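All values derive from a computational prediction rather than experimental measurement. Remember, it's 1-based here, ligands and their atoms both numbered in the order they're listed. The first residue of the sequence shown is numbered 1, and numbering continues consecutively from there.
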Amino acid sequence: MNKNRKWWKEAVVYQIYPRSFKDSNNDGIGDLNGITEKLDYLKNLGIDVIWLSPIYQSPNDDNGYDISNYYSIMEEFGTMDDFNNLLEKIHKKNMKLIMDLVINHTSDEHPWFKESSKSKNNKYSDYYIWRDPVDGEPPNNWESRFSGSAWTYCESRGQYYLHLFSKKQPDLNWKNEKVKTDIFKMVDWWLNKGIDGFRMDVINFIAKEQGLPDSKRPDSPEKWSSLPKSHKILNELKNEVISKYDVMTVGETPFVTPEDGHKYVNENRNELDMIFHFEHVNLDNYDGKNFLKFKDIQSKWYKVQEQGGWLSQYFANHDQPRPISKFFNDEEYREESAQLIAMMLLTLPGTPYIYQGEEIGMINVGFNSIEEYNDIRTINKYYDMLNKNLAEEDFFDKLKEKSRDNARTPMQWSDQTHAGFTNGEPWLKVNSNYKIINVKRSINNPNSVCNFYKELIYFRKNNKDLIYSDYKDLLKKDKEVYYFKRSSNKNVYYIILNFTGNLIDLRKKKIKLDLNKLELCNYNNYDCKKLQPYEARLYISKT
Ligand code: NOJ
């Protein structure tokens, strides 16, 4: 186990999707002053670090993940003064702020791209990935992550440009030293302003294979994901810029394997502090076989930490459907499921990331008509389906479950109009369950999801040895119960979780727990011999 102490290993991170968090000026869109208003709430919850999804100037083709100016704030979100004020208040409360860093691509409305697309010989012509047509077609078979070809033709250059995401998100050409210099300068500018680090968007996609050959399948990532060059660039970024500051970095790295993940986070390689892998959230559910896989994934990734790296733990973010709906029970056992997730997040190895609304047990929205959706990926997939003449109902149900908008509906603060998010018309409809699921209600109930989060967070803060302790799965082959221990030289923590909606007889599983001290449980009426649906317990025993 990696035991070097660092503030970001001990921190609890909270992700804010600014558009949906809190609207302060009633234009229906969340903003920076709205976040400032809610800092006391976050502090009280025990949050140490706030991660903001992109707040830079953007035409919002992909809600801010398409940046047209890295040095200014999106108008709907406020001004640079509002940002400075927010940062100052966060620091005053002894919290930290990390920003999203989107440097695989920019917006097509970024001045670099506007210039680049004009001709083959201007200052920015080589800032993006341009190729001649091959027999009038795109240069290779790569597919965009948002449907269709990853190439779009540009009349003025008579060439195609690459975009792994929407056609309004052209990929930067990291082979060009000038791109590197400009981006490194921008990273330095923000760090110098006093922010505390970055979450790096699809950072393992920045290098593409030499010659841009066809992929095995149009949607397979082997030619542009986690290539050796991406490690080299990150190492340079760390050595030349990031290491000057006491900050944290977490890389979003889809498709990454533990072997490659280890390279990104191994402390001796100087690349990133942590990454987000996707193996556990890409499972369809956590029943039976998949549950065994889930446990296996945790053990497999733990090795990365044992070998000198550090992990992140998350179940939710702005791209994932709400985990209670996807993996657990969002009806009868919504609160118990939410608390079980909290227990895992805060006791499994690595730094925990809570996504807004997770701490009150928010669930999927499942809009019923395409007009209600906003997410570009959902909308593109819908029209793809129409073009392919697939049966709309079958497809729509799937889309509904998977849509990123499930995570993006406005934060539910109270039972007031629009859940207290805005007094205007929200940019995305509020989930109709807001009268039941909201912060105000959750805070006032001692047994709520929110208060369970709080207890766990404070427990973690008061027992720092848990953070640096070893991990062992004690029941690898069991399809219902997750039972693991974390051991330090002071304590052994036993965590036991019922992943089903059934009563579990612990004697049948040969589990005896009465020797240890029960610290936390999401039921008041617990029974030594049985686990209730989605029950989650934490025991402690001195070593
Ligand atoms: C990953 C981000 O989390 C997602 O929201 C975005 O659409 C893509 N990267 C492209 O930036």
**Q** Would you call Asp319 and Arg408 a salt bridge, using N to O less than 4.0 angstrom?
**A** yes

**Q** Can any side-chain N or O of Asp196 pair as donor or acceptor with the backbone N or O of Leu97 at less than 3.5 Å?
**A**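 Confirmed, Asp196 side chain pairs with Leu97 backbone.
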
**Q** Hey, are Asp260 and Asn204 close enough side-chain-wise for a donor-acceptor pair under 3.5 Å?
**A**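 No, Asp260 and Asn204 have no side-chain donor paired with an acceptor closer than 3.5 Å.
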
**Q** Trp310 pairs by side chain to side chain donor-acceptor pair (under 3.5 Å) with which of Thr351, Asp273, Asn266?
**A**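 Exactly one option meets the side chain to side chain donor-acceptor pair (under 3.5 Å) with Trp310, and it is Thr351.
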
**Q** Quick check on ligand 1: any N or O pairs to the protein under 3.5 Å? One line per pair.
**A**
{"from": "ligand 1", "atom 1": "3 (O)", "to": "Arg199", "atom 2": "NH2", "distance (Å)": "3.0"}
{"from": "ligand 1", "atom 1": "3 (O)", "to": "His318", "atom 2": "NE2", "distance (Å)": "2.8"}
{"from": "ligand 1", "atom 1": "3 (O)", "to": "Asp319", "atom 2": "OD2", "distance (Å)": "2.4"}
{"from": "ligand 1", "atom 1": "5 (O)", "to": "His318", "atom 2": "NE2", "distance (Å)": "3.0"}
{"from": "ligand 1", "atom 1": "5 (O)", "to": "Asp319", "atom 2": "OD1", "distance (Å)": "2.7"}
{"from": "ligand 1", "atom 1": "5 (O)", "to": "Asp319", "atom 2": "OD2", "distance (Å)": "3.4"}
{"from": "ligand 1", "atom 1": "5 (O)", "to": "Arg404", "atom 2": "NH1", "distance (Å)": "3.3"}
{"from": "ligand 1", "atom 1": "7 (O)", "to": "Asp62", "atom 2": "OD1", "distance (Å)": "3.3"}
{"from": "ligand 1", "atom 1": "7 (O)", "to": "Asp62", "atom 2": "OD2", "distance (Å)": "2.5"}
{"from": "ligand 1", "atom 1": "7 (O)", "to": "Arg404", "atom 2": "NH1", "distance (Å)": "3.0"}
{"from": "ligand 1", "atom 1": "9 (N)", "to": "Asp201", "atom 2": "OD1", "distance (Å)": "2.9"}
{"from": "ligand 1", "atom 1": "9 (N)", "to": "Asp201", "atom 2": "OD2", "distance (Å)": "3.2"}
{"from": "ligand 1", "atom 1": "11 (O)", "to": "His105", "atom 2": "NE2", "distance (Å)": "3.0"}
{"from": "ligand 1", "atom 1": "11 (O)", "to": "Asp201", "atom 2": "OD2", "distance (Å)": "2.7"}

**Q** When you measure from the centre of the six-membered ring of Trp142, is the NZ or CZ of Lys208 under 6.0 Å away and within 45° of the axis?
**A** no

**Q** With Arg131 as the cation and Trp151 as the aromatic partner, state whether NZ or CZ is under 6.0 Å from the six-membered ring centre and within 45° of the axis.
**A**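 Output no; distance or angle outside limits.
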
